[in-house]
There are 2 protein chains.
Amino acid sequence: MTMTNRKGASALPLNTILAGDCIEIMNSLPENSIDLIFADPPYNLQLKGELHRPDNSRVDAVDDHWDQFSSFAAYDRFTQDWLAAARRLLKPNGAIWVIGSYHNIFRVGASLQNQGFWILNDVIWRKSNPMPNFRGKRFTNAHETMIWASKSEGAKYTFNYEALKALNEGIQMRSDWVLPICNGGERLKDDNGDKAHPTQKPESLLHRVLVGSTNPGDVVLDPFFGTGTTGAVAKMLGRDFIGIEREAAYRKVAQKRLDGVRKFDREALQVSASKRAEPRIPFGQLVERGMLRPGEELYSMNGRFKAKVRADGTLVGNDVKGSIHQVGAAMEGAPSCNGWTYWAYKQGDQMVPIDLLRQKIRAELAN
Amino acid sequence: MTMTNRKGASALPLNTILAGDCIEIMNSLPENSIDLIFADPPYNLQLKGELHRPDNSRVDAVDDHWDQFSSFAAYDRFTQDWLAAARRLLKPNGAIWVIGSYHNIFRVGASLQNQGFWILNDVIWRKSNPMPNFRGKRFTNAHETMIWASKSEGAKYTFNYEALKALNEGIQMRSDWVLPICNGGERLKDDNGDKAHPTQKPESLLHRVLVGSTNPGDVVLDPFFGTGTTGAVAKMLGRDFIGIEREAAYRKVAQKRLDGVRKFDREALQVSASKRAEPRIPFGQLVERGMLRPGEELYSMNGRFKAKVRADGTLVGNDVKGSIHQVGAAMEGAPSCNGWTYWAYKQGDQMVPIDLLRQKIRAELAN
DNA sequence: GGTTATATTGAATCTCTAC
DNA sequence: AGTAGAGATTCAATATAAC
């Protein structure tokens, strides 16, 4: 078992599968120590009798003993208990994902809100190849719901907006994700060749969750580890994981799976970063460095306005003085304005946005 | 006001809009008399400040008084009260639909279950043209959730399986529906030319609901009638409706709308048949799905260049980072480049164009 | 009249840092 | 803790204007 020290000092059993009840084990771990929790709790499915396909073959439904709850009240108690334990573990800026279906997700969502978690999105996993509804009595149950929540309102959760936008070829990622269910070679089998776990989640789903809401080196906890999809993807992506699983059979399959996973190389783990993460360059530096001279004129990109650079890095034009942002906003009569992309200078006949000069400085700083 | 006698004998104010508080009015109507309830209750959005688009225009938010609740507890009481009144009205084999967002739907779902309703499906309305996330801080909120429930477990609810299958070009209807939001000519305007209601639902949505879960002659109740989409579609489809609406302004717009609706409007039927476009497959999906691994190398089909795949679906090579198209263009010094046909991966000795992987996903989605 | 830019808008829990 | 200022941020569908 790898133990490690983090700021705050308590030891975490990183990259291991812990055996036992998830509530007890979570309560034994140090508080405020986890960056992200991904949880796929039992679904409280209430299949009465057996289900048969039209050809009379039996559908292998989720009917394991761990999925039977006597009542909604019992399920609520269970949910509240494991959520409270999870909440204690999360760092103040940590976040949680919970996946479920209509059988349980409404109760989970209400409990999350009641405990002070702040819902950021509900995300729909739209299955591209779901099991059809054999009886034709309802809609094909073709999706599951995930809730993404921060520990509390106003917390600074991690969201790699640009990386997800890149994953989606330049268009911001929506709350509905179209991904296939886990089958084929990815679906783990037990020694009899049967599926090892009834609800194994696809790695593609966890890839998107972890790329979007964690950074390399973060600690990801999965209290219902199952066959370890969360751990496998975390390892690939250079995140640390902690798994908790009660059933020995699942732990065995998961450990074997994890042993076979390789981490992607460092360069591949770099993702597109947001501008917010880049160092801040005051406009005055452009003047100090002589990239723009006091007295030089700047022009709005829409060609409608101009202003003059002053020695202290402010602008003046149309009786307005102030920062590049303030003067731009005043000219447009707008509540705010990004001066970096609003203003340009003249180079011969060309209009060059001043943001290019900032980029030049940033490139210098990077070397 | 049309009054009519049904088996059970009590009079129902069919095809009218009742003015007042929906709980009081529902309690004044005869029990076990309604076939279907469609409810679009307040979402309790809890908006804080103002929001501006990147172009500085202001978003016209839903800040109406009817959406304000002091706490989750207050919202829960309201939900339990109107659901109890609705439940009393439903025939034993009646059913209910409730639509909501993550702000309220989990509380609604839990209350439904607590009161003995039996959830049949949760259905996702995937908006083809949602409002984007302007600040890049969350996923585009691109869907709303509907819960479909029978009055109790084992009830013989109405489900027109074949009609829905026909609506869906012969394929079983799934639990996710892609439909555009209500705009254009369908969006009702007030006398000033502004939108008459902040959250008018599209007729296509109600069309699918009513075709699927009612029969001609059924009575459909909408306790939050608004501009009367439920009534308009019910009238077109030959169902009777009862609307309840507290705000006089909404009632006025709705009545005018209803007066203009003809039964079996052909055009409306066509609106509901959504066209299927060829799905766009972002390159990132090949990475998420494990068809290509982060760190793997791609080669240009002309054999001159190579680049490495990153975890967010971008490429990196020769100091250039970006999409498959951007990096291809940069390497060739070309203004643009179709990365799908430009790049290939190695399979043994073979070079396989990545477009083949995209075709594989498309074929999967067609099923 | 027809085609091409430009403007508007939609159920939204939508920033971060320094003072 | 609250405030002020820097500065980052959008997709699809209509409607209207311009050419």
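Residue numbers begin at 1 in each chain, while the letters A, B, ... track the order of the sequences. From a predicted model like this one, the values you see are computed outputs, not experimental measurements.
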task = Determine whether any donor atom in the side chain of S274(A) lies under 3.5 Å from an acceptor atom in the base of dA8(D), or the reverse, and answer yes or no.
result = no
ask   = Is any side-chain nitrogen or oxygen of N129(B) closer than 4.0 Å to OP1 or OP2 of dC11(D)?
value = no
ask   = Say you pick atom C1' in dA18(D) and the same atom in dG1(C); how far apart are they, in whole Å?
value = 14 Å
ask   = Should R358(A) be listed as having a side-chain N or O under 4.0 Å from OP1 or OP2 of dA8(D)?
value = yes
query = For dT13(C), does either OP1 or OP2 sit under 4.0 Å from a side-chain N or O belonging to N141(B)?
reply = yes
task = For dA6(D), take OP1 and OP2 only and decide whether either is under 4.0 Å from a side-chain N or O of H325(A).
result = no
ask   = R135(B) side chain N/O closer than 4.0 Å to the phosphate oxygens (OP1, OP2) of dT10(D)?
value = no
Residue whose closest nucleotide on DNA chain D lies nearer the 5' end, S336(A) versus Q172(A) = S336(A)
key: Test: R107(B) cationic atom under 6.0 Å from F72(B) six-membered ring centre, within 45° of axis   = yes
query = Looking at K165(A), does any N or O in its side chain come under 4.0 Å of the phosphate oxygens OP1/OP2 on dT10(D)?
reply = yes
key: From D76(B) atom CG to D81(B) atom CG, the distance as rounded to the nearest 0.5 Å   = 10.5 Å
key: Pair pattern of DNA chain D in dot-bracket, where unpaired bases get dots and | marks partners in another strand, Watson-Crick or G-U under 3.5 angstrom   = .|||||....|||||||||
request  = Give a yes/no answer on whether the side chain of K137(B) brings an N or O atom under 4.0 Å of OP1 or OP2 in dC16(C).
outcome  = yes
message = Testing N121(A), D122(A), V123(A), T145(A) one by one against H143(B) for a side chain to side chain contact (heavy atoms under 4.5 Å, CB included), which residue passes?
response = D122(A)
Side-chain N or O of R187(B) closer than 4.0 Å to phosphate OP1/OP2 of dA11(C) = yes
query = Salt bridge between E278(A) and R358(A), side-chain N to carboxylate O under 4.0 Å?
reply = no
query = Would W118(A) count as stacked on dT13(C) if the rule is ring centres under 5.5 Å and plane angle under 30°?
reply = yes
ask   = Is S323(A) near enough to dA6(D) that one of its side-chain N or O atoms lies under 4.0 angstrom from OP1 or OP2?
value = yes
request  = Test the R208(A)-W177(A) pair against the cation-pi criterion, namely NZ or CZ under 6.0 angstrom from the six-membered ring centroid and within 45° of the ring axis.
outcome  = yes
message = Please confirm whether the shortest side-chain N or O distance from K275(A) to OP1 or OP2 of dG7(D) is below 4.0 Å.
response = no
message = Could you check dT16(D) for me: syn (within 90° of 0) or anti?
response = anti
task = For DNA chain D, find the residues of residues 152-163 of chain A with a heavy-atom distance under 4.0 Å and give them by number; none if there aren't any.
result = Y161(A), E162(A)
